[in-house]
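Numbering of ligands and ligand atoms starts at 1, following listing order. These figures come from a predicted structure and were not determined experimentally.
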Amino acid sequence: MLILDGKTASNEIKTELKAIVQQFVLEGKRSPHLAAILIGKNSASETYVASKVKNCEEIGFRSTLIRFDENVAESELLQAIAFLNADPEVDGILVQLPLPKHISEQKVIEAISPLKDVDGFHPVSVGKLVQGLPTFIPATPYGIMLMLEHFSIETKGKHAVVIGRSNIVGRPMSILLSSNLKRGNCTVTLCHSHTPNLKEICLQADLLVAALGKPEFVKADMVKEGAIVIDVGISRVDDPTAKKGYRIKGDVAFAEVAPKTAAITPVPGGVGLMTIAGLLKNTLQAYTNSL
Ligand code: NAD
């Protein structure tokens, strides 16, 4: 059984990106610039954004973090996005989700210029993805595709089962795996909360992607011998014995599932790190598109 280590794979990508940025800077160009907007004080969001900013700095990208209070007016947020859209020195814009209830997520997503939509959530980006056109791919599915590539996982002709149909993970994942791509060409079944016979479907999966947000939901009796398992889930589970008072758990019961698989991603240390790599690649793409 192979552990699909996100650290090795993402470090390799980051090293490549760093060298590319160094070259641009040597040529007298500015470095790529990611602007992140964070609203309120959600501790998971704080962690994710801090990690994105840190990773930008590590590879020589510029990053700007714009913070708003939990009660910020929607109009003020939209104005800030318009300002970033118009700034020629900002390449990528991301607004960390989830948003406070009084702000429309859809309005915010649609306010970001498709040219700077490095999260790939804008309907223009999604439409291009569906049509197989070059675009910004949402960072998590993109990171998973990069991971499959890094570990040379053959996907052609396989039955891929994706659990979860969210716009940020499950649905774009199902589109990519079914697309005519080097790491695509799967026959895909997309499962969700109304799928009645989930266990039977999962047992048919050569490649299983779990993205439902329920800690250790996928048990050994749901996984075929020799399957490849990609665990997207990140849940904080209370644990008084842990330093922080909680542990991060994936959607897969790793200890019992791993021995049955051909390859599996750990949590933490798997898809999460690849998501950042996907975001960094999108930001570089936005930058080179603008040159
Ligand atoms: P979401 O809540 O938006 O979507 C969950 C999906 O799972 C829904 O489509 C729902 O229909 C489906 N689902 C829920 N319960 C189910 C069940 N019992 N059986 C079948 N399907 C079921 O979640 P999301 O934003 O897609 O995130 C999913 C998980 O991935 C979360 O744990 C999240 O924290 C994690 N995540 C990780 C990364 C990363 O970088 N590793 C990035 C994004 C999200």
Applying a heavy-atom cut-off of 4.0 Å, say which part of [X] lies close to ligand 1: side chain, backbone, both or neither.
{"X": "T140", "answer": "side chain"}
{"X": "V232", "answer": "both"}
{"X": "M274", "answer": "neither"}

Considering only NZ, NE, NH1 and NH2 on the basic side and carboxylate oxygens on the acidic side, decide whether [X] and [Y] come within less than 4.0 Å.
{"X": "D91", "Y": "R30", "result": "yes"}
{"X": "K219", "Y": "E256", "result": "no"}
{"X": "K107", "Y": "E74", "result": "yes"}
{"X": "R247", "Y": "D239", "result": "yes"}

Protein contact of [atom] - nearest heavy atom, named by residue and atom, plus distance:
{"atom": "atom 1 (P) of ligand 1", "result": "S166 CB, 4.1 Å"}
{"atom": "atom 34 (O) of ligand 1", "result": "I234 O, 3.1 Å"}
{"atom": "atom 31 (C) of ligand 1", "result": "G213 CA, 3.5 Å"}
{"atom": "atom 16 (C) of ligand 1", "result": "L212 CD1, 3.6 Å"}

For residues [X] and [Y], report the shortest heavy-atom separation together with the two atoms involved.
{"X": "K214", "Y": "D251", "answer": "N-OD1, 2.9 Å"}
{"X": "D5", "Y": "M147", "answer": "C-CE, 4.1 Å"}
{"X": "V232", "Y": "A211", "answer": "CB-CB, 3.8 Å"}
{"X": "S113", "Y": "N85", "answer": "N-OD1, 3.0 Å"}
{"X": "S43", "Y": "R236", "answer": "OG-NH1, 2.8 Å"}

Q. Are any of the N/O atoms in Y48 less than 3.5 Å from those in ligand 1?
A.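 No - when backbone and side-chain N and O of Y48 are compared with those of ligand 1, no distance drops under 3.5 Å.
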**Q.** Polar atom proximity, R165 to ligand 1 (N or O, under 3.5 Å)
**A.**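 It does: an N or O of R165 is found under 3.5 Å from an N or O of ligand 1.
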Can you find a non-hydrogen atom of [X] under 4.0 Å from ligand 1?
{"X": "G170", "result": "no"}
{"X": "F217", "result": "yes"}
{"X": "T195", "result": "no"}

Q) Do protein heavy atoms approach atom 41 (N) of ligand 1 to less than 4.0 Å? A)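 It does; a protein heavy atom is within 4.0 Å.
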With atoms numbered from 1 as shown, which atoms in ligand 1 lie under 4.0 angstrom from a non-hydrogen atom of [X]?
{"X": "V169", "result": "26 (O), 43 (C), 44 (C)"}
{"X": "L198", "result": "19 (N), 20 (C)"}
{"X": "I163", "result": "20 (C), 21 (N)"}
{"X": "K214", "result": "14 (C), 15 (N)"}
{"X": "T275", "result": "39 (C), 40 (O)"}
{"X": "H192", "result": "11 (O), 19 (N), 20 (C), 21 (N), 22 (C)"}
{"X": "I168", "result": "25 (O)"}
{"X": "G164", "result": "6 (C), 7 (O), 9 (O), 12 (C)"}

(Q) Taking atom NZ as the centre, does K18 end up with more than 12 heavy-atom neighbours from other residues, nucleotides or ligands that are less than 6.0 angstrom away? (A)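 Atom NZ in K18 is not packed in, count stays at 12 or less.
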Q: Begin from the C-alpha positions of E70 and K41 and carry the test salt bridge (Lys or Arg N to Asp or Glu O under 4.0 Å) through to its verdict.
A: CA-CA 7 Å; E70 180 78 24; K41 290 246 173 290; over 6 Å; no
Q. Can you check whether V252's main-chain N or O pairs, donor with acceptor, with D231's side chain at less than 3.5 Å?
A.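 Yes, D231 side chain to V252 backbone: donor-acceptor pair under 3.5 Å.
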Q) Do F61 and Y287 have ring centroids that are under 6.0 Å from one another? A)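 For Y287 and F61, the ring centres are not under 6.0 Å apart.
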